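Reviewing the structure listed below.
Source: prediction; values computed, not measured. Atoms within each ligand, like the ligands themselves, are counted from 1 in listed order. Side-chain atoms are counted along with the backbone in the values below, which use heavy atoms only and exclude waters and symmetry mates.
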Amino acid sequence: MDIIRHADLRPYTTFGVPARAEALARFTSADGLRILLNSVQLEGLPRLFLGGGSNVLFTHDWPGVVLLNEVPGIELVREDAQHVWVKAGAGEVWHTFVMHCVEHGWGGVENLALIPGKVGAAPMQNIGAYGVEIKDTFFALEAIRISDGELVTFDREACRFGYRESFFKREGRDQFVILSVTFQLNKAPHTLNTSYGNIQQELEQRGITTPTIRDVSEAVIAIRRSKLPDPARLGNAGSFFKNPVVEPGVLEAIKATHPDVVAYPAEGGYKLAAGWLIERAGWKGHRRAGCGVHDRQALVLVNHGTATGSEVYALSSDIVHSVQERFGVELEREVNIL
Ligand code: FAD
Ligand code: EPU
């Protein structure tokens, strides 16, 4: 069991802000995890589980142990005439898993190409992009209950998925470690989802009229690269806030002064484009000390190299106040603040 003391956490997060952990360790199996949970050397230390660190912001040092989930494996567990059931280890890189599915002709996750992070964190916030969420192909997951080390299986209903939400982000927070996720994917002929955003336009520009799942994944990758900053060059954690869902009256009030507000019908009312709200409140491209608001996507806060987590958090608070004042809408952070 390798335990690193006073570990620098910068290499393990995409925001890259300075932070240290009392200790850091890795595990690659359920048994490896149980050993760490029972370790005398780590006794009493608060635990934090990380995958790729692409949805966290450290605002201070972590006064405990960071446990890196590196459980490997992608396995075809069952198939019938139309479907395959594929189980992936929590430590697999999400994009590698998506490309593995595309290679094998398994449809359903191609719109989720290039989302950073690991498979195990994907159910945490029901990752989504370009009209698809993982709940759409999710079959089950296995997790270790931290209190007693037991392996527990969760089906889709038990995960209580919502928009960037799940049981694991709410009631089950800090109680389970996800070890593997099984997806139910489709064999050809595939039903493609190309209606969201400019996927269709991107395909047309490429002269593609009958797209394959690979074509869709490549179009999504191109669109994402054109908008979102690459964390290897500019620290960030993707969308910093959720797109707020508001009642119809709130949308009407905003429309009265801003007829071009971007909104989509959603359960409970309308989902507003937070990027639009933030841009219209004047923050797009704003730069302060080492951090700022991305100049191509106002929903993404960035570390220009020298930001601290507290500075990024303070900037996010100013944005929340400003959007509240201007539009009467409260933004909720999507990134996990530590
Ligand atoms: P981490 O940041 O390591 O962890 C996130 C949270 O999950 C933490 O609370 C952690 O404790 C917990 N956790 C991690 N692994 C486990 C586990 N195995 N068991 C239990 N708890 C665990 N998200 C989207 O939904 N859609 C997007 O389009 C999108 N685009 C992004 C673009 C960029 C450039 C970036 C940087 C991020 C983007 N994200 C997006 C956010 C991020 O990629 C996802 O939230 C991803 O699922 C995080 O994975 P991770 O392994 O990095 O999680
Ligand atoms: N917009 C602006 N200004 C901006 C940014 C966006 O006006 O600076 C408006 C535009 O009108 C645009 C609309 O907002 O058409 C939507 O923008 P975009 O398509 O970029 O998507 P988003 O709503 O900003 C969401 C997700 C992303 C996901 C994309 C694509 C959330 C919080 N974010 O962003 O997820 O990749 O859709 O599906 O739901 C993430 O969660 O980290 C993430 C990046």
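Those atoms of ligand 2 with a heavy atom of Tyr163 less than 4.0 angstrom away are 31 (C), 32 (C), 39 (O). Interface atoms of ligand 2 facing Arg224, defined by a heavy-atom separation under 4.0 Å, are 36 (O). Distances below 4.0 Å separate heavy atoms of Ala129 from the following atoms of ligand 2: 36 (O), 38 (O). Against a heavy-atom cut-off of under 4.0 Å, Lys284 is close to the following atoms of ligand 2: 3 (N), 4 (C), 8 (O). Heavy-atom proximity to Gly53, at under 4.0 Å, picks out these atoms of ligand 1: 1 (P), 2 (O), 3 (O), 50 (P), 52 (O). For ligand 2 and Asn243, the ligand atoms under 4.0 Å from any heavy atom of the residue are 23 (O), 31 (C), 32 (C), 39 (O). Near Gly238, meaning under 4.0 Å from any of its heavy atoms, are these atoms of ligand 2: 42 (O). Annotation for ligand 1: atoms under 4.0 Å from non-hydrogen atoms of Arg224 are 27 (C), 28 (O), 29 (C), 30 (N), 31 (C), 32 (C). Each of the following atoms of ligand 2 lies closer than 4.0 Å to a heavy atom of Glu279: 2 (C), 3 (N), 4 (C), 7 (O), 8 (O).
Here the heavy atom of the protein found nearest to atom 29 (C) of ligand 2 is Tyr196 OH, 4.4 Å. The closest protein non-hydrogen atom to atom 17 (O) of ligand 2 is Gln297 NE2, 4.1 Å. With hydrogens left out, the protein atom closest to atom 1 (N) of ligand 2 is Trp276 N, 3.7 Å, a heavy atom.
Remark: among candidates Gly238, Ala122, Pro231, the nearest residue to atom 35 (C) of ligand 1 is Gly238, based on non-hydrogen atoms. Looking at Pro116, Gly89, Gly51, it is Pro116 that brings a heavy atom closest to atom 43 (O) of ligand 1. Considering only non-hydrogen atoms, atom 38 (O) of ligand 2 lies nearest to Tyr130 out of Tyr130, Tyr264, Phe241. Nearest to atom 34 (C) of ligand 1 by heavy-atom distance, out of Ile134, Asn236, Leu299, is Asn236. Closest heavy-atom approach to atom 16 (C) of ligand 1 among the candidates Gly120, Pro123, Gly235: Gly120. Distances from atom 28 (C) of ligand 2 to the heavy atoms of Arg280, Glu133, Lys227, Arg164 put Arg164 nearest.
Judged by distance alone, the side chain of Asn336 and the main-chain N or O of Asn55 form a donor-acceptor pair under 3.5 Å. The backbone N or O of Gly51 sits nowhere less than 3.5 Å from a side-chain atom of Asn69 that would complete a donor-acceptor pair. Judged by distance alone, the side chain of Asn38 and the main-chain N or O of Ile35 form no donor-acceptor pair under 3.5 Å. Judged purely by atom type and a 3.5 angstrom limit, Gln297 has no side-chain atom pairing as donor or acceptor with the backbone of Val293.
Within a 6.0 Å radius of NE2 in His60, more than 12 heavy atoms belonging to other residues, nucleotides or ligands are found. Within 6.0 Å of the CD atom in Gln205, the count of heavy atoms belonging to other residues, nucleotides or ligands exceeds 12.
Checked against a 3.5 angstrom limit, the closest N/O atoms of Glu334 and ligand 1 fall outside it. No N or O atom of Gly117 sits closer than 3.5 Å to an N or O atom of ligand 1. Considering backbone and side-chain atoms together, Gln125 places an N or O closer than 3.5 Å to an N or O of ligand 1. Considering backbone and side-chain atoms alike, Met124 places every N or O at 3.5 Å or more from each N or O of ligand 1. The shortest N/O to N/O separation between Ser239 and ligand 2 falls below 3.5 Å. Residue Gly131 places no N or O, backbone or side chain, under 3.5 Å from any N or O of ligand 2. Considering backbone and side-chain atoms together, Ile127 places no N or O closer than 3.5 Å to any N or O of ligand 1. Ligand 1 has no nitrogen or oxygen under 3.5 angstrom from a nitrogen or oxygen of Ala129. Considering backbone and side-chain N/O atoms, Asn126 never comes within less than 3.5 Å of an N/O atom of ligand 1. At least one N or O atom of Ile178, backbone or side chain, sits closer than 3.5 Å to an N or O atom of ligand 1.
Between Lys227 and Arg296, the closest side-chain pair of non-hydrogen atoms is not below 4.5 Å. Using a 4.5 Å heavy-atom threshold, the side chains of Asn126 and Tyr163 count as separate. Within the 4.5 Å cutoff, the side chain of Phe240 has no heavy atoms near those of the Ile319 side chain. The side-chain heavy atoms of Asp230 and Arg225, taken from C-beta on, include no pair separated by under 4.5 Å. By the 4.5 Å heavy-atom criterion applied to side chains, Arg288 and Glu311 are not counted as neighbours. Residues Thr194 and Leu203 are in side-chain contact: their nearest non-hydrogen atoms beyond the backbone lie under 4.5 Å apart. Looking at Pro116 and Trp94, their side chains never come closer than 4.5 Å, going by heavy atoms from C-beta outward. Contact annotation: the side chain of Phe27 approaches that of Leu179 to within less than 4.5 Å [non-hydrogen atoms, C-beta and beyond].
Checking Thr28 against Glu70 by side-chain atom types alone, no donor-acceptor pair falls below 3.5 Å. A donor and an acceptor atom, one from each side chain of Ser316 and Arg333, are located under 3.5 Å apart.
To the nearest 0.5 angstrom, Phe49 atom CZ is 9.5 Å from Ile144 atom CD1.
Taking the six-membered ring for Trp and the full ring otherwise, Phe183 and Phe139 have centroids separated by 6.0 Å or more. Centroid-to-centroid, the aromatic rings of Phe167 and Phe161 stay 6.0 Å apart or farther.
Between Leu57 and the choices Thr13, Ile337, Thr14, Asn303, the side chain to side chain contact (heavy atoms under 4.5 Å, CB included) rule is met once, by Ile337.
For Phe176, every heavy-atom contact with ligand 1 shorter than 4.0 Å involves the backbone, none the side chain. Both the backbone and the side chain of Leu50 come within 4.0 Å of ligand 1, counting heavy atoms alone. The residue Ala143 has no part lying near ligand 1, judged by heavy-atom distances below 4.0 Å. The proximity of Asn336 to ligand 1, defined as any non-hydrogen pair under 4.0 Å, is limited to the side chain. At a heavy-atom cutoff of 4.0 Å, ligand 1 is contacted by both the backbone and the side chain of Lys118.
Distances shorter than 4.0 angstrom do not occur between any heavy atom of Lys169 and any atom of ligand 1. Note on ligand 1: Pro229 sits in its first shell, one or more heavy atoms being nearer than 4.0 Å.
Within 4.0 Å of atom 12 (C) of ligand 2, not a single protein heavy atom is present.
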